[in-house]
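What follows is a single structure, written as structure tokens, with notes after it.
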2 protein chains.
Amino acid sequence: MATGRTHRPATRSRGIPEATVARLPLYLRALTALSERSVPTVSSEELAAAAGVNSAKLRKDFSYLGSYGTRGVGYDVEYLVYQISRELGLTQDWPVVIVGIGNLGAALANYGGFASRGFRVAALIDADPAMAGRPVAGIPVQHTDELEAIIRDNGVSIGVIATPAGAAQQVCDRLVAAGVTSILNFAPTVLSVPDGVDVRKVDLSIELQILAFHEQRKAGEEAAAGTAAVPAATREQSATDQGPDGDVPAVMPA
Amino acid sequence: MATGRTHRPATRSRGIPEATVARLPLYLRALTALSERSVPTVSSEELAAAAGVNSAKLRKDFSYLGSYGTRGVGYDVEYLVYQISRELGLTQDWPVVIVGIGNLGAALANYGGFASRGFRVAALIDADPAMAGRPVAGIPVQHTDELEAIIRDNGVSIGVIATPAGAAQQVCDRLVAAGVTSILNFAPTVLSVPDGVDVRKVDLSIELQILAFHEQRKAGEEAAAGTAAVPAATREQSATDQGPDGDVPAVMPA
DNA sequence: CAATCTTTGTGCACGCGTTCACAAAGACAT
DNA sequence: ATGTCTTTGTGAACGCGTGCACAAAGATTG
């Protein structure tokens, strides 16, 4: 039936706004790059430019974490890296299982971004018996039958679903029943989960459709405005972000 | 929010809210499933449940497209599929190029969701000469040198970047210079583009970090509340958006 | 120590998006 | 026709997120 979810403030006293949480990884990435270049401090203006956001927004975001900056100077890079990492929970180990080792699952398993930040691929799981034992990204694929045992034995709380749409809900149910409370879903399906379980979805098809919409709109405008349209070529750091509203997710290569 | 485009209301006269546009593909998917089951009509309540959203929100979303429903009955499935497809620009052909044919690029090339909705993989491009000519998903990979010619000859306006982070901006620049105006970026980098070019990003690392944040928060709550926590188990359609309950702080002091 | 300069932290206003709640519209039965 | 019942379409209120603009804080210089 309806979403019986008890409506709650969502932004609690000590709670950090969801929009801010979604940007923290972005800041962390920029800060890590600065750290590797041994840059000691950075101003909100500089960091904001690197992350592709407004500096005022960045300062407000950081203000939710506490006052870690020094007026007249900026933020200490190393300290900020630590604070954000801690806030995001990246200072601890997060074993992750990937279910569905097809093209996408294999790509995810090979993704270097996993180990880099506390995430560890604890196991690769596939329903195809023929896959069992075959190593992917150096990790032997295990059969779905082992799912519950794997989750339990490794204390896995985060699961990645990369199966066909038809199998996603079933896999999801088993993951949740086994103790997983956070799911990253790559299957083009709406997953139904109990309260307390977080689901984020990454859907290539949806992304493309959104782009097509804007593309069509641009074409229409251009036609309507005659030839005198779209001249703009001023290279800018406008980084047309459309990710802020906690919208879409992603994937990515090393 | 959408394109960081300064001029232009963003919500034009005929403009559909960005949040609504992002949900249209979701509705379309649910409607397509109903269509395949030959369901003639559907109520906002039913469709909303299938798409995992609030029914009032769905009705408001549709109201931006026009009045396609019949009070007392619901919406005509076939008609709605057509209207949404048209609105999203899926009734026309969208040639797409994928740049960077590594694990992820290959997975994307093999992804069936492409052809299904007007998207057609026009070409696969990689910088590695060794890849040139090798077929992936039945399409021979072409070298980066051909990029401009491919874009021009095929009238490509949508590009997918699946290269390593270091090459992304350069590839992006070439795509834009060649005429691409919509980019789906899988590389973990902030892309800088001129006005008029839309960029959407998909970042696995960010998604996992957001999940880790909530996971950590949940663990903290559980610990703080002792054993009397997280009892809820009512199976519900509370899908996607994470940000549900946000109880106890769970944030340690600095 | 005082003056000046830089940059943070935030109060405030604005706009988008969500949700409720209900009147209007149409189907359907009598 | 008239009445009842179902479901849409939307007015209005509310909350979140964004960005401006500025006072406060601290560094730096003389």
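Quick note on labels: first sequence line is chain A, next is B, and so on, each numbered from 1. None of the values given here were measured: they were computed from a predicted structure.
Other residues, nucleotides and ligands place more than 12 heavy atoms under 6.0 Å from the CD atom of Q92(A).
Qualifying side chain to side chain donor-acceptor pair (under 3.5 Å) partners for T189(A), counting only residues two or more places apart in sequence or in other chains: none. Applying the salt bridge (charged side-chain N to carboxylate O under 4.0 Å, His left out) test to R23(B) and every residue at least two apart in sequence or in another chain returns D61(B).
Note on S43(A): every side-chain N or O is 4.0 Å or more away from OP1 and OP2 of dT7(C). In terms of phosphate contacts, S44(A) brings no side-chain nitrogen or oxygen within less than 4.0 Å of OP1 or OP2 of dT7(C). Within the 4.0 Å cut-off from OP1 or OP2 of dG9(D), at least one side-chain nitrogen or oxygen of Y75(B) is found. Within the 4.0 Å cut-off from OP1 or OP2 of dG17(D), not a single side-chain nitrogen or oxygen of N54(A) is found. When the side-chain nitrogen and oxygen atoms of Y68(A) are compared with OP1 and OP2 of dT7(C), none of them lie within a distance under 4.0 Å. For the pair K57(A) and dT18(D), the criterion of a side-chain N or O lying under 4.0 Å from OP1 or OP2 is met. For dT18(D), the OP1/OP2 oxygens have a side-chain nitrogen or oxygen of R23(A) closer than 4.0 Å.
Contacts classified as salt bridge (charged side-chain N to carboxylate O under 4.0 Å, His left out) and involving residues 68-79 of chain A (residues at least two apart or in different chains) are not found. Listed by first and then second residue, the salt bridge (charged side-chain N to carboxylate O under 4.0 Å, His left out) pairs involving residues 25-38 of chain A are R29(A)-D203(B) (not counting sequence neighbours). Screening residues 41-60 of chain A for ring pair (Phe, Tyr, Trp, His ring centres under 6.0 Å) gives no qualifying pairs among residues at least two apart or on separate chains.
Atom CG in D76(B) sits about 16 Å away from atom P in dT7(D), given to the nearest Å. In this structure, CG of L24(A) is placed 15 Å from C1' of dG17(D), rounded to the nearest angstrom. Summarising the geometry, the separation between CD on E18(B) and P on dG15(C) is reported as 19 Å, rounded to the nearest angstrom. Residue E45(B) contributes atom CD, which lies 14 Å from atom P of dA21(C) at whole-angstrom precision. Across the protein-nucleic acid pair, R59(B) atom CZ and dC20(C) atom C1' stand 10 Å apart, rounded to whole Å. Atom CG in L58(B) sits about 16 Å away from atom C1' in dC20(C), given to the nearest Å.
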Quick test: give all pairs of protein nitrogen or oxygen and nucleotides 25-28 of chain C nitrogen or oxygen below 3.5 Å, distance rounded to 0.1 Å.
residue	atom	partner	partner atom	Å
dA25(C)	O4'	R71(B)	NE	3.4

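The minimum heavy-atom distance between V180(B) and V156(B), with the atom names listed, is CG2-O, 4.0 Å.
With the nearest nucleotide of DNA chain D identified for both D61(A) and K60(B), K60(B) has the one nearer the 5' end.
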